[in-house]
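Data first, discussion second: the structure below is written as structure tokens.
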Amino acid sequence: MRSVITGLRGEAGFLYIAKARELARRGVDVISFGVGQPDIPTFDHIIEEGKRALEEKFTGYTETAGIPELREAIAEYLNTRYQAGVKPDEVLATTGAKTAIFLAVAAYLGPGDEVIVPEPSYPAYPETARAMGARPVFIPLKWRGPEHGFELDVEAIEKAVTERTKMIVLTNPHNPTGALFGPEQVEAVLEIARKHGLVVLADEIYDNFVYEGGFRSILTFSGWKDHVLYVNGHSKTFSMTGWRLGYLVAAKPVIERIKRLAVNVYSCPPSISQRAGVAALKGPWEPVEKMVEEFRRRRDAVVEELRRVPGFEVAVPRGAFYVFPRVAKVLEETGMSTEEFVDHLLYSRGVVTLPGTVFPEKAGEGFIRLSYAISVERIREGVGRIREEVEKLLAEKTRR
């Protein structure tokens with residue numbers, strides 16, 4: 001019997017981490033733009049609360065949905081920031097935002113169902129859908145050139161709706177492109193969901209990494225509880241990737257149903273992480289603000305340097321901490337595929353980037369992703385290596 005997970009793909013970022021570590025073991029100075037996590041350690045006041053939880057031996061099972069203090073803190077945060085009207089019993093704490101995505105997809109999709117996924121896309125959405133026997137329907141984002149970047153193709157999303165469609169994915173700010181979708185586009189997607197009786201899986205894990213205006217959470221729109229499964233978490237905002245703490249927000253009946261699946265999958269989130277998560281949300285928030293400002297500096301530096309690379313087309317990312325330059329001109333000149341170009345940069349210059357093609361299915365062809373979760377100095381050195389290699393490749397092409 002064929003298992004539903006037989007055809008699932010891994011996450012390429014982790015594959016490139018392994019390649020980079022192997023090179024580093026050989027003595028290569030590797031500069032990695034591959035990892036999607038802040039390089040800044042978890043803030044001290046959060047670590048201290050985790051220590052207190054250990055010292056108080058708060059190390060057993062908790063409620064599946066999370067301790068009341070955490071659910072209350074999440075609701076208070078969302079209500080203070082977005083006037084969302086979230087109640088604590090509409091919150092489910094999870095073992096990272098990926099688990100929240102899994103639970104949301106598993107609760108609504110089954111064999112033969114369809115989910116609309118704007119692409120390039122974070123791989124977890126289509127892969128989780130496939131695990132449920134559902135079919136991801138990919139709708140390419142519109143590439144409007146380096147001046148305007150990517151935007152949602154709302155008309156194409158609506159045209160893709162069929163009788164099998166159950167869900168639309170909306171990631172804002174967007175991974176891997178760094179795009180920020182405006183309020184009118186978010187509202188249009190929500191209206192499609194209302195019109196056709198669908199749910200929107202709204203992933204706003206990067207909601208604090210916003211560098212220019214225009215972001216409006218889907219939680220600010222009236223009636224969101226009727227159609228939205230909201231995903232967020234602590235990994236990015238508080239640099240807590242290893243603590244594995246995320247959350248899912250939805251109407252209470254939906255949370256109660258999903259909770260039955262959660263208890264069978266992971267019992268409850270880590271108790272120590274939950275206590276630390278409460279401290280993170282209660283603040284102080286100055287460390288978060290300083291981190292975001294540092295990432296703004298890095299964003300400006302990586303865009304400045306990438307625009308000096310021949311053949312690169314670079315849109316300014318307005319959110320998250322990724323830049324997604326179009327390198328199709330370089331590929332055309334060198335005869336390389338996107339994957340070959342990325343491997344060439346890794347093995348010739350020790351620079352890790354990710355091919356756009358791993359953000360399935362096809363819209364990432366001719367693009368690469370760089371995470372600027374490293375220092376400005378390493379950004380400039382790393383992109384400098386890329387520029388030198390591209391100039392060398394293009395010069396060799398000219399001489400042939």
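- Taking the six-membered ring where tryptophan is involved, the planes of His234 and Phe238 are tilted, since the angle between them lies from 30° to 60°.
- Using a 4.5 Å heavy-atom cutoff, the side chains of Val302 and Val383 are in contact.
- At least one donor-acceptor pair under 3.5 Å links the side chain of Arg299 to the backbone N or O of Pro317.
- In this structure, the side chain of Ser239 engages the main chain of Ile40 through a donor-acceptor pair within 3.5 Å.
- Scanning all heavy atoms of the two residues, the minimum distance from Phe324 to Gly364 falls at CZ-CA, 4.2 Å.
- The two residues Pro146 and Arg307 come nearest to each other via the heavy atoms O-NH2, 3.8 Å.
- With hydrophobic clusters built from ILVMFWY side chains whose heavy atoms lie under 4.5 angstrom apart, Met291 shares a cluster with Ile47.
- Here the side chain of Arg318 pairs no donor or acceptor atom with the backbone of Val210 at under 3.5 angstrom.
- The two residues Ser371 and Gly34 come nearest to each other via the heavy atoms CB-C, 4.4 Å.
- Taking 4.5 Å as the limit, every side-chain heavy atom of Pro140 sits out of range of all side-chain heavy atoms of Lys362.
- Other residues, nucleotides and ligands place more than 12 heavy atoms under 6.0 Å from the CZ atom of Arg194.
- The number of heavy atoms from other shown groups lying within 6.0 Å of CD (Glu332) does not exceed 12.
- Hydrophobic clustering (side-chain heavy atoms under 4.5 Å, transitive across Ile, Leu, Val, Met, Phe, Trp, Tyr) keeps Val263 apart from Val254.
- Salt bridge present: Arg378 and Asp29 bring a charged side-chain N and a carboxylate O closer than 4.0 Å.
- Using a 4.5 Å heavy-atom cutoff, the side chains of Val330 and Pro310 are not in contact.
- With hydrogens and angles disregarded, a donor-acceptor distance shorter than 3.5 Å links the side chain of Gln274 to the backbone of Pro269.
- Atom-to-atom distance recorded for Glu191:CD and His196:NE2 is 9.0 Å, nearest 0.5 angstrom.
- Not a single ring pair (Phe, Tyr, Trp, His ring centres under 6.0 Å) links Tyr247 to another residue, sequence neighbours left out.
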side-chain contact (heavy atoms from CB on, under 4.5 Å) for Tyr122 and Val169? Distances and angles first, verdict last. CA-CA 10 Å; Tyr122 183 53; Val169 172; over 6 Å; no
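- For Lys87, the salt bridge (charged side-chain N to carboxylate O under 4.0 Å, His left out) criterion is met by no residue, not counting sequence neighbours.
- Salt bridge annotation for Glu313-Arg326: present, with a cationic side-chain nitrogen under 4.0 angstrom from a carboxylate oxygen.
- Residues Thr165 and Thr162 have side chains in contact (heavy-atom distance under 4.5 Å, counting atoms from C-beta outward).
- Under 4.0 Å is where a charged nitrogen must lie from a carboxylate oxygen, and between Glu22 and Arg26 at least one such pair does.
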Step by step, would you call Lys51 with Glu48 a salt bridge (Lys or Arg N to Asp or Glu O under 4.0 Å)? CA-CA 5 Å; Lys51 289 179 180 178; Glu48 289 304 314; 3.3 Å; yes
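- Salt-bridge annotation for Arg297 and Glu293: absent, with no side-chain N of the basic residue lying under 4.0 Å from a carboxylate O of the acidic one.
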Please determine whether side-chain contact (heavy atoms from CB on, under 4.5 Å) holds for the pair Arg387 and Glu391, giving the CA-CA distance in whole Å, both sets of side-chain angles, and the decisive distance to 0.1 Å. CA-CA 6 Å; Arg387 184 181 70 252; Glu391 289 173 346; 3.5 Å; yes
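- Residues Leu229 and Tyr108 have side chains in contact (heavy-atom distance under 4.5 Å, counting atoms from C-beta outward).
- Between the side chain of Lys236 and the backbone N or O of Gly36 there is at least one donor-acceptor pair closer than 3.5 Å.
- No donor-acceptor pair under 3.5 Å is formed between the side chain of Thr64 and the backbone N or O of Cys268.
- Using the six-membered ring where Trp is involved, Phe367 and Phe150 have ring planes that are tilted, between 30° and 60° apart.
- Glu286 pairs by the salt bridge (charged side-chain N to carboxylate O under 4.0 Å, His left out) definition with nothing, not counting sequence neighbours.
- Annotation: salt bridge (charged side-chain N to carboxylate O under 4.0 Å, His left out) contacts of Arg244 (sequence neighbours excluded): none.
- Checked by atom type and distance alone, the side chain of Ser121 never pairs as donor or acceptor with a backbone atom of Pro123 at under 3.5 Å.
- For Phe295, the ring pair (Phe, Tyr, Trp, His ring centres under 6.0 Å) criterion is met by Phe209, Phe321, not counting sequence neighbours.
- Under a cutoff of 6.0 Å and an axis angle of 45°, Arg275 and Phe58 form a cation-pi pair.
- A 4.5 Å side-chain heavy-atom check between Leu281 and Ile74 finds at least one atom pair inside the cut-off.
- Atom OH of Tyr125 is separated from atom CD1 of Ile101 by 4.5 Å, given to the nearest 0.5 angstrom.
- When atom types are taken as modelled, the side chain of Asp153 and the backbone of Leu141 share no donor-acceptor pair closer than 3.5 angstrom.
- For the pair Arg385 (side chain) and Arg349 (backbone), a donor-acceptor distance under 3.5 Å is present.
- Residues Ile379 and Phe33 meet the side-chain proximity criterion, which asks for heavy atoms closer than 4.5 Å.
- Criterion: ILVMFWY side-chain heavy atoms under 4.5 Å apart, direct or through other members. Under it, Val28 and Tyr347 are part of a common hydrophobic cluster.
- A distance of 10.0 Å separates CD of Glu63 from CG of Leu70, quoted to the nearest 0.5 Å.
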When you look at Val278 and Glu49, which way does the side-chain contact (heavy atoms from CB on, under 4.5 Å) test go after all the steps? CA-CA 9 Å; Val278 174; Glu49 183 59 27; over 6 Å; no
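- With Glu114 as reference, Arg135 is the one residue of Lys166, Arg135, Arg164 to meet the side chain to side chain donor-acceptor pair (under 3.5 Å) rule.
- In this structure, CD in Glu90 is found 10.5 Å from CD in Glu256, a value given to the nearest 0.5 Å.
- Annotation for Val117 and Pro126: closest pair CG1-CD, 4.5 Å, computed over non-hydrogen atoms.
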Evaluate Leu180 against Asn172 for side-chain contact (heavy atoms from CB on, under 4.5 Å), listing each step before the verdict. CA-CA 6 Å; Leu180 200 64; Asn172 194 30; 3.8 Å; yes
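- Between Ile368 atom CD1 and Phe312 atom CZ the span is 4.5 Å, to the nearest 0.5 Å.
- Proximity of Tyr16 to Pro355: side-chain heavy atoms (C-beta onward) are separated by under 4.5 Å at one or more points.
- Transitive grouping of hydrophobic side chains (ILVMFWY, heavy atoms separated by less than 4.5 Å) keeps Val376 and Leu306 in distinct clusters.
- Panel note: side chain Thr128, backbone Phe102; no donor-acceptor pair is recorded below 3.5 Å.
- For the side chain to side chain donor-acceptor pair (under 3.5 Å) condition, no pair includes a residue of residues 65-76, sequence neighbours left out.
- Here the NZ-OG distance, from Lys57 to Ser271, works out to 13.0 Å after rounding to the nearest 0.5 Å.
- Heavy atoms only, all atoms of each residue included: Leu245 and Gly277 are closest at CD2-CA, 3.7 Å.
- The shortest non-hydrogen separation linking Ala104 to Met167 is O-CE, 3.7 Å.
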